[in-house]
Number of protein chains: 2
Amino acid sequence: MTADSANEFTKRSFLTLEQAIRNDLAEGRLAVDRRLPSERELAERYRTTRITLREALSHLEMDGLIYRENRRGWFVSDRRLVYNPLWRTDFQRMTREQNRQASTELIEAVSAVAPDDICALLEQPSGTEFWRIRRRRRVDDRLVVFVEHHLSKAVFADILEQDLTGSLTNLYREKYALEYGDVSFEINPVALTGMSATELHCSDGTFGLQIVRVNRDQTGRILDCDVEYWRHDAVSIRIDTRDSIP
Amino acid sequence: MTADSANEFTKRSFLTLEQAIRNDLAEGRLAVDRRLPSERELAERYRTTRITLREALSHLEMDGLIYRENRRGWFVSDRRLVYNPLWRTDFQRMTREQNRQASTELIEAVSAVAPDDICALLEQPSGTEFWRIRRRRRVDDRLVVFVEHHLSKAVFADILEQDLTGSLTNLYREKYALEYGDVSFEINPVALTGMSATELHCSDGTFGLQIVRVNRDQTGRILDCDVEYWRHDAVSIRIDTRDSIP
DNA sequence: TAGTGGTCTAGACCACCCT
DNA sequence: GGGTGGTCTAGACCACTAA
């Protein structure tokens with residue numbers, strides 16, 4: 001890791017700093033094992049202050065080149081996972097098809113009263129209890145999405161006895177003989193706060209993508225509702241009407 | 001506009017400042033005609049520095065509560081426009097159905113060699129010339145999206161003679177007897193830079209949503225490709241497989 | 001425990017917008 | 001031309017991570 005580009009870096013304009021870091025990243029001069037040096041070291045190397053440096057890093061973060069883990073430092077982003085919310089292939093399989101490796105961690109699985117907006121989406125009166133399953137997923141070891149599922153307690157009476165770190169899609173099919181039917185979803189750019197930020201190890205206010213899905217079975221009955229919070233640089237949504245919707 | 005809440009504001013913790021601003025916004029104490037006071041005035045009111053204040057404002061910006069126009073100041077965001085990229089209803093109609101008012105400005109309409117990635121999407125060799133139409137759109141007078149269209153020169157030989165501030169969908173149908181068929185699109189969270197930032201009057205690096213669409217006619221022939229850059233707080237994507245795809 | 005990122009202070013200059 | 005936002009300096013303390 002040489003400091004060549006730092007020596008060339010004389011103008012202090014903001015974009016020049018950003019560009020210098022961008023170049024060093026592209027040519028692999030900056031990150032060791034995907035991890036950037038500390039902010040103080042970077043500030044010194046580019047002869048600027050931490051505040052200015054952090055402003056530049058934030059720009060690169062918004063552009064999806066790097067990301068940070070809360071109080072752990074800055075890392076180089078990997079390529080985005082391509083995700084089609086209309087497909088019900090399970091997560092493991094989706095990542096495997098893209099030559100990535102996925103893992104899922106169960107955070108909690110409890111019975112709980114859903115918030116009013118979730119009850120409305122599930123077409124149940126306010127105050128209804130559902131199974132609430134919270135999980136988070138990694139792709140190639142990086143935390144990329146926090147998911148909160150709300151499931152009908154009547155339909156999935158004994159779901160807490162199942163292995164909830166695997167694919168719910170497969171569980172539905174194999175244990176409950178349910179096939180997915182229609183899907184509706186909503187995508188919103190949001191700030192990750194509270195539990196989504198905590199679980200994804202990102203600082204409060206980091207930018208993310210919220211995806212709210214309502215899944216139905218083959219008869220049109222509402223099965224469940226997922227609220228997903230993605231790290232914004234980890235995902236690319238793609239939909240093609242020529243694809244069959246399995 | 002009283003300063004009550006500012007007087008209550010004693011702790012200087014970051015979240016407290018953010019929360020104080022959030023409360024004042026919610027109760028209408030902060031913005032006059034959707035515009036916030038200057039940063040210096042806000043810093044004084046909340047007894048903090050501009051740097052800290054801007055950090056808090058950036059959080060609220062990421063959360064979609066406020067936005068800024070480059071060098072013009074901070075404004076309160078309006079509700080999001082609901083957008084279904086599978087629908088080909090024109091923009092005017094879509095906004096009208098949501099009781100909003102839309103307008104479109106033509107930036108340029110020229111013949112130009114498309115970048116390699118666009119040529120690939122349009123399934124043409126690199127270096128192919130297309131009509132390049134750049135426009136920007138407002139909803140209720142706010143700039144919300146910058147769009148770049150690439151159209152086949154063969155199919156739309158005389159399109160530059162048409163009114164390009166209206167709906168291209170309607171032009172296709174009325175002047176060229178073309179109906180839309182399949183659509184594919186891709187949604188990426190990105191930083192708005194260069195022309196998209198300039199045209200949307202936002203500062204370089206502002207967070208946005210990029211939507212790349214490839215539209216086909218009823219026979220499957222590729223018609224055009226749109227690249228849209230949305231201000232992130234202005235849009236909510238919604239898709240429902242129960243909707244017919246007109 | 002040392003070092004890190006997260007937050008904060010108290011200033012400053014410049015380019016640009018608005019009047 | 002005055003005021004704005006955009007950028008920058010040179011420090012500081014604290015909570016937390018990593019060793």
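Below, chains carry the letters A, B, ... as their sequence lines are ordered, and counting in each starts from 1. Keep in mind that this is a model prediction, so the values were computed, not measured.
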| request: Between protein and nucleotides 14-19 of chain C, map the contacts as a letter string: B base, S sugar-phosphate only, - none, heavy atoms under 4.0 Å, written 5' to 3'. | output: -BSSS-
| B/Gln101: side-chain contact (heavy atoms from CB on, under 4.5 Å) partners, not counting sequence neighbours | B/Asp140
| Whole-Å distance separating the CZ atom of A/Arg50 from the C1' atom of C/dT9 | 14 Å
| query | Atom NE2 of A/His201 to atom P of C/dG5: distance rounded to whole Å? | reply | 17 Å
| field | Residue among A/Glu228, A/Glu199, A/Arg136 satisfying side-chain contact (heavy atoms from CB on, under 4.5 Å) with A/Val145 | value | A/Glu228
| remark: For A/Ile211 and A/Ile237, the nearest pair of non-hydrogen atoms, with its separation, is CD1-CD1, 3.6 Å
| message | How many whole angstroms separate atom CD of B/Glu18 from atom C1' of C/dC8? | response | 15 Å
| message | Within the 4.0 Å heavy-atom criterion, would you say A/Ser38 contacts the bases, only the backbone, or no part of the nucleic acid? | response | sugar-phosphate
| query | Do A/Tyr67 and A/His232 have ring centroids that are under 6.0 Å from one another? | reply | no
| query | At under 4.0 Å, does any side-chain N or O of A/Arg54 touch on OP1 or OP2 of C/dG6? | reply | yes
| remark: Whole-Å distance, B/Leu17 CG to C/dG6 C1', equals 14 Å
| said: Do B/Glu105 and B/Ile107 make a side-chain contact, defined as non-hydrogen atoms from C-beta onward lying under 4.5 Å apart? | reply: no
| According to a strict under-4.0 Å criterion, is B/Arg68 in side-chain N/O contact with OP1 or OP2 of D/dG6? | yes
| task | Would you kindly give the CD1-to-P distance between A/Ile51 and C/dG5, to the nearest whole Å? | result | 14 Å
| request: Side-chain contact test, heavy atoms from C-beta onward, threshold under 4.5 Å: evaluate it for B/Thr52 versus B/Tyr46 and give yes or no. | output: no
| field | Interatomic distance where NE2 belongs to B/His59 and C1' belongs to C/dT7 [whole Å] | value | 10 Å
| request: Considering just the side-chain nitrogens and oxygens of B/Thr48, establish if one lies under 4.0 Å of OP1 or OP2 belonging to C/dC8. | output: no
| Can the ring centroids of A/Trp230 and A/Phe146 be said to lie less than 6.0 angstrom from one another? | no
| B/Leu42 CG - D/dG3 C1' separation (whole Å) | 14 Å
| query | Between D/dT7 atom P and B/Glu39 atom CD, what is the distance in whole Å? | reply | 11 Å
| query | Are A/Thr52 and D/dT9 close enough that a side-chain N or O sits under 4.0 Å from OP1 or OP2? | reply | yes
